[in-house]
Amino acid sequence: MGAASSLRDRLPAFPWDRLEPYKTTAAAHADGIVDLSVGTPVDPVPAVVQQALTGAADSPGYPTVWGTAALRDALTGWAADRLGAQGVEHTNVLPIVGSKELVAWLPTQLGLGPGDKVGYPRLAYPTYEVGARLAGAEPVVYDDPWDLDPSGLKLLWLNSPSNPTGRVLGADELRRTVAWAREHGVLLFSDECYLELGWEADPVSVLHPDICGGSYDGIVAVHSLSKRSNLAGYRAAFLVGDAAVLGELLEIRKHGGMMVAAPVQAATVAALGDTVHVAEQRERYARRRAALRAAFEAAGFRIEHSEASLYLWATRDEPCWDTVGELAERGILVAPGEFYGAAGERFVRIAFTATDERVDAAVRRLAE
């Protein structure tokens, strides 16, 4: 227990536990809760994906960590078609058991520890910090990555489109960051899980030749099917980038038994090969986003960034927990911006992943 306690003590309190009393208040609303706090998909898994999963259900043997050749073909093909990545080979891809697992354990798998630093945005998904702390490394935040002190900096996280703000980094910012990281020998991982959900901007990957110069040296992109294909329950994600880095991670993950289940591998192939369901899901999210944005703005909120992703980053220029509490009284649950760093203490994150019926209920309540 001593070792487990020591590891646990490195970590901050799990933020979502603090939201439970507000969830209880919202759930007591006569018309039920409208949960806009966690961006979890609620729409059906596409039929083509379900069919692929069940078709591969008779999988008695162990899957491989690197995935089937069919999966690697699907990953390289998608990276070329969707990201504009050039010359992607099987050695440039690696399936992972959901992107959160990778974010949390990457510093450990890279062998980082005391004396090493992990950089991530000042407003960010909290698991970047958790990953650094699990490894015993030092988490450091930035506004602009090139302003960081590169000494001891071993891993740099980018996140575009951003969770929580929905901000999209422009091509010039990405090029400058890639060049800076290479100049200083810093490994760059780009979390691009919301890349296919641009609304007022067209997100670009660090793997696009206009950004990386056609070379993947020192850069890796993280992608997920949780949002674009409603596969959060499948834990289907993957890496694309530097073959040397992915090769090392592959060996470590073989030892650790970090295998994507064989039926999920088959489902991933089907999901990446079908664009119809992606377009249909985008349309659903676009409608919900428009309705919620108009309703929150009419209720006195200011929306900042939010040009991509599944969230509205909103403020009434008051402490975030005051906003959370007032909305909970209306039966609407949102995430306090403080979860994503001190810079978010006067904002809330509003997910538009609820059903159409629940979104309509939120719109009505905000107008009352």
Side-chain angles (χ1 to χ4, degrees), residues 14-16 19 23 33-54 56-57 67 71 74-75 78 82 94-106 124-128 130-131 159 161-164 166 191-198 203 221-239 258-286 288-289 308-312 333-335 339-340 349-356 358-359:
F14 188 63
W16 294 96
L19 200 58
K23 186 174 184 178
I33 189 173
V34 178
D35 193 342
L36 308 179
S37 63
V38 181
T40 187
V42 297
D43 300 302
V45 171
V48 65
V49 178
Q50 294 189 48
Q51 291 163 6
L53 183 83
T54 57
L71 175 57
L75 297 178
W78 180 86
R82 185 62 185 85
L94 181 64
I96 54 176
V97 191
S99 59
K100 183 172 185 176
E101 168 262 306
L102 183 280
V103 174
W105 292 107
L106 178 63
Y125 183 48
T127 312
Y128 302 132
V130 166
N159 181 209
S162 164
N163 173 16
D191 181 346
E192 302 175 353
C193 289
Y194 295 90
L195 184 135
E196 295 200 81
L197 293 164
V222 184
H223 286 273
S224 166
L225 301 187
S226 293
K227 315 302 185 186
R228 55 91 78 184
S229 297
N230 298 335
L231 297 188
Y234 284 45
R235 311 313 301 134
F238 54 94
L239 307 178
M258 294 179 171
M259 299 172 280
V260 175
V264 174
Q265 293 189 31
T268 300
V269 173
L272 291 175
D274 179 69
T275 58
V276 173
H277 78 271
V278 179
E280 291 175 348
Q281 191 59 45
R282 276 185 56 87
E283 290 177 4
R284 294 186 188 108
Y285 285 142
R288 295 165 185 167
R289 177 181 184 271
S309 82
L310 290 178
Y311 312 107
L312 299 173
L333 189 68
V334 298
F339 280 5
Y340 307 95
R349 193 194 73 170
I350 302 161
F352 42 89
T353 53
T355 64
D356 291 341
R358 289 289 83 188
V359 167

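One distance of note links CG of L231 with OG of S224; it measures 8.0 Å at 0.5 Å rounding. To the nearest 0.5 Å, atoms OG1 (T275) and CZ (R228) are separated by 8.5 Å. From T353, atom OG1 reaches atom CZ of R289 across 14.0 Å, with rounding to the nearest 0.5 Å. Separating the NZ atom in K227 from the CG atom in L197 is a distance of 9.5 Å, to the nearest 0.5 Å. Summarising the geometry, atom OG belonging to S226 is positioned 11.5 Å from atom OH belonging to Y234; distances are rounded to the nearest 0.5 Å.
Counting heavy atoms from C-beta outward, P41 and Y285 have side chains that approach closer than 4.5 Å. Side-chain atoms of L310 and N163, non-hydrogen and from C-beta on, never get closer than 4.5 Å to each other. Side-chain contact between R235 and K100: present, with at least one pair of heavy atoms (C-beta onward) separated by less than 4.5 Å. Side-chain contact check for H277 versus N230: every heavy-atom pair is 4.5 Å or farther apart. Counting only heavy atoms from C-beta outward, the side chains of L195 and R82 approach each other to under 4.5 Å. Taking the side chain as every heavy atom from C-beta outward, T268 and P95 never approach each other to under 4.5 Å. Residues P263 and L53 have side chains in contact (heavy-atom distance under 4.5 Å, counting atoms from C-beta outward).
Without hydrogens or angle criteria, Q50 side chain to V45 main chain gives a donor-acceptor distance under 3.5 Å. Of the possible polar contacts, one joining the N159 side chain to the P161 backbone as a donor-acceptor pair under 3.5 Å is found. Within the 3.5 Å criterion, the main-chain N or O of E196 finds a donor-acceptor partner in the side chain of R282.
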Could you please spell out the steps behind the side chain to side chain contact (heavy atoms under 4.5 Å, CB included) verdict for L75 and L94?
-> CA-CA 8 Å; L75 297 178; L94 181 64; over 6 Å; no
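Heavy atoms only, all atoms of each residue included: G166 and S309 are closest at CA-OG, 3.5 Å. For the residue pair V38 and D35, the shortest heavy atom distance occurs at N-OD1, 4.0 Å. Taking both residues in full, the closest heavy atoms of R358 and I33 are given as NH1-O, 3.0 Å, listed atom of the first, atom of the second, then distance. Of all non-hydrogen atoms in P46 and S229, the two that sit nearest each other are CD-O, 3.2 Å. When every heavy atom of S37 is checked against every heavy atom of L19, the shortest pair comes out as CB-CD2, 3.9 Å. For R349 against P164, the heavy-atom pair with the smallest separation is CD-CB, 3.6 Å.
With respect to F339, the ring pair (Phe, Tyr, Trp, His ring centres under 6.0 Å) criterion is satisfied by exactly one of Y125, W16, Y311: W16.
Between H223 and F238, the ring planes are parallel. Angles under 30° get that label, and only those over 60° would be called perpendicular.
A cation-pi geometry, defined here as NZ or CZ lying under 6.0 Å from the six-membered ring centre and within 45° of its normal, does not hold between R288 and F352.
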